[in-house]
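The structure under discussion appears below in the form of structure tokens.
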Amino acid sequence: MSFNVQEMIFTFIGGLGIFLFGIKFMGDGLQKSAGDRLRDILDRFTSNPLKGVLAGMFVTVLIQSSSGTTALTVGLVSAGFMTLRQAIGVIMGANIGTTVTAFIIGIKIDEYSLPIIAIGAGLLFFFKNQKVQSFGQIVFGFGALFFGLKLMSQGMKPLRSLEMFQDLTLSMSDNPLLGVIVGTVFTVIVQSSSATIGILQELFAQDAIQLNAALPVLFGDNIGTTITAVLASIGTSIAARRAALVHVLFNVIGTIIFMIFLIPYTKFIGLLQHSMGLNPEMTIAFAHGTFNVTNTIIQFPFIAVLAWIVTKVVRGEDQAIDFKPMHLNPIFIENSPSLALGQAKEEVVRMAELSLSGLQEASAYFHTRQKKHADTAIQLEKVIDNLDKQITNYLVEISAKPLPGAISQKHEILLDSVRGIERIGDHVENIVEAIDYQIRNRVAISDEAVGELNEMITLVISTLTDAISALKTFDVDLARQVITKEQEIDMMERQLRKNHIVRLNQRICDGEGGVTFTEIISNLERIGDHSANIAEAVIGEELLNHGKSSNGKIRIHLQSGPIENEV
């Protein structure tokens, strides 16, 4: 039988591209519909590994990507929201959730793929409502998935008559380990187990591969999909590398178990096919689902063992950032509002220290261009945002209690302080985004401008460090130094703007470089302002017994340190 090799290859790779686009587009639409709730689901419903399995399944079904769920999980582990054991449960659930795509393919509605695409396009282009457009994206991606699968099927039909392919399938039947290797390598290349399993479903439907050869390839597909997480974890935190290793171990151990029992498992799937009247595509889907569900049931009791193994293999202290407050005990609210405010003050200090760490990471990103520093800075900003909400809620609960006048003033001051520290995190994030813009667009900044930025960053870090130290130890002299430094920052910011204009006129710097430069110095100046506010809170203690100062500030002393308010 003669066939056009070029046509076969083009049809297959074109169909594969449309299939991958359909999965991603549909997953993006589902994720938009869910909004930020996906992260909340993983955060709230993973108090134990069993809930983690269910949460992992649910989120993976929504975003149609086990790798995406694993990435979200790694972020939560690194942030301290989730323990490694909880994360293992989520990863197991993600492996079950990813089987849904194979079941969707088994429905066999590829004949209606084009009308489905048309409906999705109509919803996307003729409606402005965001929810309708998200639904249209889901529908369009769903149709594209089946249309791509149909094209892949057409491209693979001639393979049955290709002698080399026939020899390969015979070899995989005789040597199951070869099938595992083929499945693993192909999934590593395509970077999508859903795509490779979809191809396997079509090959099995065309009798191009037998069941006893298809199942080892299926196992290899599950191993191959872990490579995405492994590649993503390179150069990242210890928590990320451990989570990626868990993903690999889970699928490798499962493959070893199923390879040992391959003959009875093949007979079981064959029996399932005949007893339930499954079509070939659905047969592979059931084999995929059975593999992952059974693998989870077998390994679930050994989650602690898996955590111990990866901890021993990937050594080192996990630099997890604790998202949750450390000092906000609700018992203090009932017994002593004053003491509760003191505890809230300690949490505000912790927020300030985290904002300093974020600024230092942003500085390291500016100097080294290493993405890990940007990721840490952004993660610290999220920690600060979370603490902002937690402390604010804590203070709201305190306000429900009857408060004396002085305590009420302290309460208001703490609310203002929380907002100020949260804004420092926002400014750090703005700096990281400005550096991202510079790197992404290859914006050049002159050596003179870089030197000036380095000088200002150093001064601002020193100022914020002193402000936090002054607040922690109630060092009034150090607080006054912070005020002096903040004035230096203001003067420096004005001078740097003038220097920048001179460089623009002399064509030393261009406009795009100027945008990055001014964005960074503007945010640094605002961080200096918030540092001065912390220092003024310390200095304000002196006026507790003297009333108002010349600048109109009332000083109130809190148990763990002074705070200031403006009138």
Set of side-chain hydrogen bond (donor to acceptor under 3.5 Å, both in side chains) partners for Lys371, sequence neighbours left out: Asp375
Leu262 and Phe219, any side-chain heavy atoms less than 4.5 Å apart: yes
Heavy-atom check, side chain of Leu354 versus side chain of Met351, under 4.5 Å: no
Pairs satisfying ring pair (Phe, Tyr, Trp, His ring centres under 6.0 Å), at least one member in residues 87-107, at least two apart: Phe103-Phe286
Which residues share a salt bridge (Lys or Arg N to Asp or Glu O under 4.0 Å) with Glu361, sequence neighbours left out: none
Set of residues satisfying salt bridge (Lys or Arg N to Asp or Glu O under 4.0 Å) with respect to Glu429, sequence neighbours excluded: none
Heavy-atom pair with the smallest gap, counting every atom of Ala377 and Ala362: CB-N, 4.3 Å
Result of checking Val90, Ile96, Ile88 against Met92 for side-chain contact (heavy atoms from CB on, under 4.5 Å): Ile88
Verdict with supporting geometry, Thr187 and Asp221, side chain to side chain donor-acceptor pair (under 3.5 Å): CA-CA 6 Å; Thr187 305; Asp221 290 341; 3.0 Å; yes
Ile199 and Phe186, any side-chain heavy atoms less than 4.5 Å apart: yes
Lys/Arg-Asp/Glu bridge criterion (N-O < 4.0 Å) met for Glu347, Arg350: yes
Contacts of type side-chain contact (heavy atoms from CB on, under 4.5 Å), residue Ile116, not counting sequence neighbours: Ile109, Tyr112, Val139, Phe142
Intermediate values then yes/no, ring pair (Phe, Tyr, Trp, His ring centres under 6.0 Å), Phe25 and Phe21: CA-CA 6 Å; Phe25 204 61; Phe21 172 79; 5.0 Å; yes
Test item: Ile421 and Val348 side chains (from C-beta on) under 4.5 Å apart, heavy atoms: yes
Just distance, no hydrogens or angles: give the donor-acceptor pairs under 3.5 Å from side chains in residues 121-130, sequence neighbours left out.
{"residue": "Asn129", "atom": "OD1", "partner": "Lys131", "partner atom": "N", "Å": "2.9"}
{"residue": "Asn129", "atom": "OD1", "partner": "Val132", "partner atom": "N", "Å": "3.1"}

Side chain proximity check, Thr225 to Thr98, heavy atoms < 4.5 angstrom: no
